[in-house]
Amino acid sequence: MRPRPDDGGLPRGRLVWRRLCGGPHGDLRVAHRGRQAGRPSPLPAGRQRGQQEEGREVTVRRSKSLVPTLREDPADAEALSHRLMLRAGLVRQLAAGIYVYLPLGQRVLDKVNTIVREEMNAIGGQEITMPVVQPAELWQQSGRWEGINEMFKLKDRWGRDLCLGMTHEEVVAWLAAHEIRSYRDLPQIWYQIQTKERDEARPRSGVLRTREFLMKDSYTLDPDVAALDRSYAAHERAYRRIFDRCGLRYYVVQSDTGMMGGLGSHEFMAPSAAGEDEVALCAGCGYAANVELARGVPAAPESPVWTRQEVATPNVRTIAEVSQLLGIDPRLTLKSLLYVAKTSGPVLVLVRGDHALHERKLARALGEEFRAAHPDEVRGALGAPVGSVGPVGARVPIVADEALRTGTYVVGANREGFHLKGVAPGRDFACRFADLHAVAPGEACTVCGKPLAVERVIEIGNIFKLGTKYSVPLKATYLDEAGREQPIVMGSYGIGPARIAAAAIEQLADQDGVVWPWSIAPFQVYVVVVSVKDAAQLGAAEQIYGECWGQGLEAILDDRDERPGVKFKDADLLGIPVRITVGNSFVKEGLVEVRSRRTRQERRVGQGEVVAAVRAMEAEEGRT
RNA sequence: CGGGGUGUGGCGCAGCCCGGUAGCGCACCUGCUUUGGGAGCAGGGGGCCGGAGGUUCAAAUCCUCUCACCCCGACCA
């Protein structure tokens, strides 16, 4: 349904407004320029830049538009971007994690998607659309039908199992199995911008984690891993361009490929307090990784010279209590945590007292699913309650964090009310070592030794080397030069347009509201008529507004019969890059004000210089 | 799934402890005044108090169950 005119004569890089529907006012949707990026298009005479189509009037007036701004913060919104997206009238929530995109929100998504399309096309991506509703058989073949409780499953009227697509590897592999035969058909890049459905356990933070969301997902098909590496690198470059153009600050970090393995993956992370992930960053060498796998070397405490001995620790359970009672640094204690692995059974996990176990790391170390042991299981396995357990004499396998290779520590004695002092891992008990603790700020970078920073981030994109995980079970193969059948080597790559919008708000908003980057702003210009009852003001504002559209600037006219303060507050809240005010100074001196939302700097210019002033402001603020 | 919280006109909230039949601000409608940073006055419309059951002469208020939403954690292919 989204308008996608062909390139017919539209100037490059410019969004063109079209009125597509009847009705008293314009359609707020953004018309996309064609899908082919970088194709210079000739301009036929009579279809000059920015011209309105077929002479139909362009009207985007606040008085007629669905832009329901809110004066107060909605009670249910906590994250900054969530509050502002509601207050600025971009979205409304229909149910937990399910949102309606209102006209302004839709325009932002369209802007982001246009950038995404241009950059995907630029690396040879071909846009397709795959179904949301998918047959169970595909997922049964890939082995993913069981075990993903995030998937919406349903039955048709005949009782056949179907699901709502949460991702499209299976469909891509199916398509490749049917259509790709020869090495001559490779490589391929297929992408779509399509709705995904995931039955999230906990939707949260507005549009940052929802059950239904738009995703740009692309898939690469290559003959071998070397070719996959090239496709992967092309995606990384495209993603950098996309996020740069969207005006975001972001990091590219190493990420966990998950329990299912894979040949490698990176995530694109936009720093924000509202983020759900954390990354470790090294300013020295550029090392950057999701904390799910980031490694750091913690400073070792000075181990006192103490002989191994049992000490009474009555009614003391936590690390804080133990270290306080004994008067020692918490770093000289060990946390002993009992887990139960699905097949191999109980395992005792050790991290330093001041460290947090990262369960994702434990999952990798164990190579299977696990859960925390119940208190009675702890007593059964170790003969002591949770607060007094330790590794010495434990008759279960032990995994200890790498940081514990050296030093001596205080551990639980496996005897209620007692701890052991001076215990050395490896000497006093047998264990294997693995990286288990969540990296903390200040730990040394394993590459260069400089201190690591840890930052909260929003995942805005990811790139993943799948390998042959889907092509083998779904029989997506090709014949190589020697006529041998080979599995296609796949990659998959995602971008969340709504997360880009939310991250932009998180990173750029100020006290007064949203501050959009020029590139993804729903409009570039907000025209305020101070008094709509003054025909001269209104007439001039309409002229300026028409001039903007004529010159390729998207403008919205605030022609509501409201007091000026209301309109100024709203303009700030909406975050459109430039505000033009037609008011007293126009009446008196023929001047209008051109004001930057971001810098709040204002210029007064004659009516004829408005577009030039906006362009100058755009250039200064660095449209990317 | 574990823990915490909230459901009362469109939005934000009070009322609930101590039962007596619903109120404030904003928004909305009408009129007058006002008009450069969320106006003033006057009048007006709008609420099965999330739902079901129970206690009671009487329930927004007490009890039980249930649903929805938010936050923390787990999960997140």
Side-chain angles (χ1 to χ4, degrees), chain A residues 68-79 82-83 86-87 89 92-98 139 142-151 163 165-170 196 198-206 208-211 213 215 217 255-262 265 267 274 276-277 290 292 339 356-360 362-363 369-372 374 459 462 464-467 469-470 490 492 494 496 511-513 528-534 537 558 560-573 579 581-588 592-593 595 600 602 604:
Chain A
T69 54
L70 302 174
R71 189 183 293 236
E72 293 173 277
D73 276 333
D76 282 344
E78 199 118 314
H82 189 195
R83 292 201 308 263
L86 290 166
R87 286 194 56 203
R92 285 295 182 260
Q93 182 176 322
L94 177 64
I98 300 182
W139 292 76
S142 71
R144 295 208 288 184
W145 179 253
E146 304 295 338
I148 304 185
N149 36 27
E150 233 182 11
M151 189 155 64
C163 64
M166 44 188 295
T167 178
H168 284 76
E169 282 85 5
E170 278 79 0
K196 297 286 186 284
R198 295 185 185 177
D199 192 4
E200 289 288 348
R202 183 149 98 84
R204 68 183 105 178
S205 306
L208 286 179
R209 187 162 208 86
T210 54
R211 294 192 291 177
F213 60 100
M215 178 165 152
D217 46 325
S255 70
D256 186 10
T257 53
M259 290 285 279
M260 302 304 285
S265 64
E267 290 164 326
E276 298 181 276
D277 287 297
N290 192 311
E292 290 170 359
Y339 282 85
L357 170 70
H358 200 295
E359 293 198 346
R360 203 71 174 245
L362 179 60
E369 288 178 48
F370 62 88
R371 59 172 175 82
H374 306 304
E459 182 187 350
N462 62 57
F464 200 104
K465 294 180 187 177
L466 294 171
K469 192 180 142 199
Y470 298 94
M490 291 175 56
S492 84
Q511 287 291 317
D512 295 312
V528 172
V529 192
V530 170
S531 174
V532 291
K533 298 210 172 99
D534 181 333
Q537 286 183 32
D558 195 342
R560 294 173 300 167
D561 186 11
E562 289 284 357
R563 295 171 66 83
V566 173
K567 300 190 210 187
F568 293 148
K569 288 287 186 191
D570 248 18
D572 287 347
L573 178 60
R579 185 184 86 200
T581 307
V582 182
N584 285 340
S585 51
F586 176 75
V587 176
K588 292 183 194 144
V592 302
E593 289 132 47
R595 178 183 151 113
R600 298 166 192 250
E602 191 167 271
R604 306 170 98 205

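Just so it is clear, the structure is predicted and the values come from calculations on it, not from any experiment. Scope of the values below: all heavy atoms of this structure, side chains included, with no hydrogens, waters or symmetry mates. Per chain, numbering begins at 1; letters A, B, ... match sequence-line order.
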Whole-Å C1' distance, B:G51 and B:C69: 15 Å
Touch class at under 4.0 angstrom, heavy-atom based, for A:S205 against every strand present: sugar-phosphate
Same-atom distance (C1') from B:A27 to B:C67, integer angstrom: 29 Å
Atom-to-atom span, CZ of A:R198 to C1' of B:A77 - whole angstrom: 8 Å
Contacts of type salt bridge (charged side-chain N to carboxylate O under 4.0 Å, His left out), residue A:D570, not counting sequence neighbours: A:R62, A:R560
Step-by-step side chain to side chain donor-acceptor pair (under 3.5 Å) determination, A:S265 to A:S255: CA-CA 6 Å; A:S265 64; A:S255 70; 2.7 Å; yes
Spacing between A:W139 atom CH2 and B:A77 atom P, to the nearest angstrom: 12 Å
Nearest-Å distance once atom C1' is located in both B:C17 and B:U61: 9 Å
Pairwise C1' distance, B:C72 and B:U8 [rounded to whole Å]: 27 Å
Of the listed nucleotides B:C75, B:C70, B:A77, the one nearest the side chain of A:T167: B:A77
Qualifying residues under salt bridge (charged side-chain N to carboxylate O under 4.0 Å, His left out), relative to A:D217, sequence neighbours excluded: A:K196
Set of side-chain contact (heavy atoms from CB on, under 4.5 Å) partners for A:R198, sequence neighbours left out: A:E150, A:M166, A:T167, A:E200, A:F213, A:M215
Counter-base of B:C13, judged by Watson-Crick or G-U geometry with both distances under 3.5 Å: B:G23
Integer-rounded Å distance: B:C75 P and A:M166 CE: 15 Å
Length of the line joining A:L362:CG and B:C75:P, which is rounded to integer Å: 11 Å
B:U64 to B:G4 separation - P atoms, rounded to the nearest Å: 15 Å
Restricting both atoms to N or O, compile the protein contacts to nucleotides 43-45 of chain B shorter than 3.5 Å, with distance only.
none

Contacts of type side-chain contact (heavy atoms from CB on, under 4.5 Å), residue A:R604, not counting sequence neighbours: A:S585, A:E589, A:L591, A:E593
Interatomic distance where CD belongs to A:E200 and P belongs to B:C71 [whole Å]: 13 Å
Under 4.0 Å protein heavy-atom contacts per nucleotide of nucleotides 32-39 of chain B, with B for base, S for backbone only and - for none: --BBBBBB
With sequence neighbours excluded, residues passing salt bridge (charged side-chain N to carboxylate O under 4.0 Å, His left out) with A:E459: none
Spacing between A:R204 atom CZ and B:C72 atom P, to the nearest angstrom: 7 Å
Side chain A:E72 and base B:G25 donor-acceptor under 3.5 Å: yes
Sugar-phosphate only, base, or nothing, as touched by A:Q93 at under 4.0 Å among non-hydrogen atoms: sugar-phosphate
B:G54 versus B:G73 - spacing of their P atoms, nearest Å: 41 Å
Residues forming a salt bridge (charged side-chain N to carboxylate O under 4.0 Å, His left out) with A:K533, sequence neighbours excluded: A:D561
Short heteroatom pairs, N/O only, protein and nucleotides 3-8 of chain B, under 3.5 Å:
none

Given RNA chain B, 5'-ward residue of the pair A:E359 and A:G97, judged by closest heavy atom: A:G97
Residue mapping more 5' on RNA chain B - nearest nucleotide basis, A:D73 or A:E150: A:D73
Gap in Å between the two C1' atoms, one belonging to B:C16 and one to B:A22, rounded: 12 Å
Sugar-phosphate only, base, or nothing, as touched by A:A201 at under 4.0 Å among non-hydrogen atoms: base
Distance-only side-chain donor-acceptor flag, A:T581 / A:R579, under 3.5 Å: yes
With sequence neighbours excluded, residues passing side-chain contact (heavy atoms from CB on, under 4.5 Å) with A:R83: A:D73, A:A77, A:L80
For A:Y339, ring pair (Phe, Tyr, Trp, His ring centres under 6.0 Å) partners two or more places apart: A:F370
Separation of B:A74 P from A:E369 CD (nearest whole Å): 16 Å
Pairing partner (Watson-Crick or G-U wobble, both distances under 3.5 angstrom) of B:G38: none
Side chain to side chain, A:D199 and A:M151, heavy atoms closer than 4.5 Å: no
Which atom of A:D256 lies closest to which atom of A:E292, heavy atoms considered: CB-OE1, 3.5 Å
Base-pairing assignment for B:A74 (Watson-Crick or G-U wobble, both under 3.5 Å): none
Whole-Å C1' distance, B:A42 and B:G47: 24 Å
Counter-base of B:A59, judged by Watson-Crick or G-U geometry with both distances under 3.5 Å: none
Test log, rule side chain to side chain contact (heavy atoms under 4.5 Å, CB included), inputs A:S492 and A:Y470: CA-CA 11 Å; A:S492 84; A:Y470 298 94; over 6 Å; no
Partner residues of A:A201 under the side-chain contact (heavy atoms from CB on, under 4.5 Å) criterion, sequence neighbours left out: none
For B:C65, the Watson-Crick or wobble partner whose two distances fall under 3.5 Å: B:G51
Gap between atoms CG and P, on A:L94 and B:C69 respectively (whole Å): 10 Å
